[in-house]
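Each ligand, and each atom within it, is numbered from 1 in the order the structure gives.
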Amino acid sequence: MFPTARPPGFAVASPSPLMTSSAGPASRQVSPRRYLMCPPEHFDVTYAINPWMDPDRPVDRGLVLDQWQQLVTTYRQLGHEVAVLPPAPGLPDMVFAANGGLVVDGRAMGARFRHHERAAEAEHYLAWFRRYLDPAAVAPVHVLEAEGDVLQVGEVLLAGYGFRTDRAAHVEVAAWSGREVVSLELVDPRYYHLDTCLGVLDEQTLAWLPSAFAPEAQAELRRRYPDAIEVDADEAALLAINLVSDGRHVIVPPGATRFRAALEAADFVPIAVDLSELRKAGGGAKCATLELRSAA
Ligand code: ARG
């Protein structure tokens, strides 16, 4: 599956207690995933490029590392593989791996960041892709904050614009991937990346915050996904929609109780992981997790 050297951090999956604990005959199927993550060793809030970030509010470096490790452990217990990209000093947002690239059908496209503060992250992610995943990985011409703004749902790629990613990058991604790209305009600055207001639960099911989208985008999503779960504004504000799902288990913040109940009612299994420190930079589980999607 990996054309070049096997990446550090990948190991043969150990027996997974979380995966086998409650599976019933009618329950949703897990599909094993591969993720790329970057430890928050240099995590900090030293600049403000979204409304969540306040450089005057201190971060707890020990706590953020523990919380991140808990997320990694949870994935591995679920039977998923996690590769780890070494963090670089001076790049406090590098933990947000979803912004580092986009992997579709086993091919990788790097990122181009809107803000100069994050620009240098792109080369680290691109080098990793070229070495471990796709020697032909390309860098985008237009601003593309990668999986933060481009989410695969079944065959289709949903793509956000309005705050970070350029709409022209959507065209670039469509040409590169050969997939349909659906452009969705974001309108609420607190939900500046698509993955903060739209979460992919499985190949046809979403969770979302409708008010974060322009009217045309809302109409498009309602037409395509009539069964999407709407998340309340106060739980969206916990970054609850910034979820990671394997088709059955869904990583959510501990406080999102109504959303958890809605997931259970839809036969998903919510798993609470507290990422309160990452939230100080405007990120949650999905932001910290880049999915390495293989060719079908
Ligand atoms: N501080 C980071 C930024 O504003 C957070 C990125 C969150 N990532 C995401 N995929 N939503 O760029």
For E291, is there an ion pair with R33 - N to carboxylate O distance below 4.0 angstrom? yes
Parallel, tilted or perpendicular: which describes the rings of Y75 and Y35, with under 30° parallel and over 60° perpendicular? tilted
Decide whether Y125 and N99 meet the rule of one side-chain donor and one side-chain acceptor closer than 3.5 Å. no
Any ion pair linking E230 and R222 (charged N to carboxylate O, less than 4.0 Å)? yes
At less than 3.5 Å, what protein N or O atoms come close to the N or O atoms of ligand 1? Include the distances to 0.1 Å.
{"residue": "ligand 1", "atom": "1 (N)", "partner": "D93", "partner atom": "OD1", "Å": "3.1"}
{"residue": "ligand 1", "atom": "1 (N)", "partner": "D93", "partner atom": "OD2", "Å": "2.9"}
{"residue": "ligand 1", "atom": "1 (N)", "partner": "A281", "partner atom": "O", "Å": "2.8"}
{"residue": "ligand 1", "atom": "4 (O)", "partner": "N50", "partner atom": "ND2", "Å": "2.7"}
{"residue": "ligand 1", "atom": "4 (O)", "partner": "R164", "partner atom": "NH2", "Å": "2.8"}
{"residue": "ligand 1", "atom": "8 (N)", "partner": "N99", "partner atom": "OD1", "Å": "2.9"}
{"residue": "ligand 1", "atom": "10 (N)", "partner": "N99", "partner atom": "ND2", "Å": "3.3"}
{"residue": "ligand 1", "atom": "10 (N)", "partner": "D195", "partner atom": "OD1", "Å": "3.3"}
{"residue": "ligand 1", "atom": "10 (N)", "partner": "D195", "partner atom": "OD2", "Å": "2.7"}
{"residue": "ligand 1", "atom": "11 (N)", "partner": "H193", "partner atom": "ND1", "Å": "2.8"}
{"residue": "ligand 1", "atom": "11 (N)", "partner": "D195", "partner atom": "OD1", "Å": "2.7"}
{"residue": "ligand 1", "atom": "12 (O)", "partner": "R118", "partner atom": "NH1", "Å": "2.6"}
{"residue": "ligand 1", "atom": "12 (O)", "partner": "R164", "partner atom": "NH1", "Å": "2.8"}

Using the test ring pair (Phe, Tyr, Trp, His ring centres under 6.0 Å), find all partners of Y192 that sit at least two apart in sequence or belong to another chain. none
Got a salt bridge between D105 and R107, using NZ or NE/NH1/NH2 to carboxylate O under 4.0 Å? no
